[in-house]
Amino acid sequence: MTELTIPPDADEERAAQLVREHVEVGDVVEVRSEEWADERQNVDVEGTVTALEPGYLELDEQPPGEGSVRYDEIHTISTIDSA
């Protein structure tokens with residue numbers, strides 16, 4: 001499993017670029033939107049990358065808010081299984 005943490009100062013464009021470098025269509029990923037204070041991390045979404053859209057990471061062919069995640073909402077993304 002590989003993990004990418006988006007730097008806190010990254011804008012949406014930079015976050016999208018980093019995610020595109022880290023994952024590809026077909027990868028199974030976990031996406032967390034924030035790190036917990038006690039260093040555990042919350043898994044917000046898990047799914048298969050079905051597209052790398054301009055404004056969001058598409059998971060399981062779902063729109064943002066229903067399973068897919070906007071790049072500026074990603075804190076950490078982990079690849080569970082590579083395509």
Side-chain angles (χ1 to χ4, degrees):
M1 177 166 45
T2 60
E3 185 172 278
L4 167 70
T5 299
I6 304 296
D9 62 341
D11 61 12
E12 183 177 352
E13 183 177 319
R14 178 69 178 137
Q17 177 186 14
L18 291 168
V19 170
R20 286 186 187 109
E21 291 171 358
H22 183 73
V23 302
E24 59 185 55
V25 172
D27 288 352
V28 177
V29 298
E30 290 178 347
V31 179
R32 292 175 292 283
S33 62
E34 60 185 77
E35 189 169 9
W36 289 10
D38 65 1
E39 297 186 20
R40 291 180 300 141
Q41 291 187 331
N42 183 24
V43 176
D44 292 324
V45 179
E46 183 176 322
T48 301
V49 176
T50 49
L52 297 162
E53 297 294 342
Y56 66 97
L57 177 66
E58 184 182 271
L59 300 175
D60 299 324
E61 299 180 349
Q62 298 298 310
E66 294 182 28
S68 294
V69 184
R70 291 188 355 232
Y71 295 115
D72 63 351
E73 296 177 333
I74 298 172
H75 175 275
T76 305
I77 183 167
S78 301
T79 304
I80 299 169
D81 189 22
S82 282

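Keep in mind it's a predicted model, so treat the numbers as computed, not measured.
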Engineer: Testing the basics here: between Ser78 and Glu3, what is the closest heavy-atom pair and its distance to 0.1 Å?
Structural biologist: OG-OE1, 3.2 Å
Engineer: State, without any angle test, whether Arg20 and Gln17 hold a side-chain donor-acceptor pair at a distance under 3.5 Å.
Structural biologist: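 Short answer, no.
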Engineer: Let me confirm one number: the OG1-CG distance from Thr48 to Asp27, rounded to the nearest 0.5 Å.
Structural biologist: 9.0 Å
Engineer: Using the rule given for side chain to side chain contact (heavy atoms under 4.5 Å, CB included), can you reason through Val31 versus Asp44, listing the C-alpha separation, both sets of side-chain angles and the distance that settles it, and then say yes or no?
Structural biologist: CA-CA 6 Å; Val31 179; Asp44 292 324; 5.8 Å; no
Engineer: Could you grab the distance from atom NE2 of His22 to atom OG1 of Thr5, nearest 0.5 Å is fine?
Structural biologist: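 Output value for this atom pair is 9.0 Å.
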Engineer: Is any side-chain heavy atom of Glu24 less than 4.5 Å from a side-chain heavy atom of Ser82?
Structural biologist: no
Engineer: Looking at every heavy atom in both Glu30 and Ile80, which two are closest together, and how far apart are they?
Structural biologist: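 Taking Glu30 first and Ile80 second, the nearest heavy atoms are CG-CD1, 3.2 Å.
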Engineer: How close do Leu59 and Ser68 get, heavy atom to heavy atom, and via which atoms?
Structural biologist: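 For Leu59 and Ser68, the tightest heavy-atom pair comes out as N-OG, 2.9 Å.
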Engineer: Any side-chain heavy atom of Val49 sitting closer than 4.5 Å to one from Thr79?
Structural biologist: no
Engineer: Should Leu52 and Val23 be marked as a side chain to side chain contact (heavy atoms under 4.5 Å, CB included) after you check the CA-CA gap, both sets of side-chain angles, and the distance that decides it?
Structural biologist: CA-CA 9 Å; Leu52 297 162; Val23 302; 3.9 Å; yes
Engineer: If you take all heavy atoms of Ala15 and Ala10, which pair is closest and at what distance?
Structural biologist: N-CB, 4.3 Å
Engineer: Check whether any side-chain heavy atom of Ile77 lies under 4.5 Å from a side-chain heavy atom of Leu18, and answer yes or no.
Structural biologist: no
Engineer: Enumerate the side chain to side chain donor-acceptor pair (under 3.5 Å) contacts for residues 51-62, please, sequence neighbours excluded, ordered by first and then second residue.
Structural biologist: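 Non-adjacent pairs meeting side chain to side chain donor-acceptor pair (under 3.5 Å): Thr50-Glu58.
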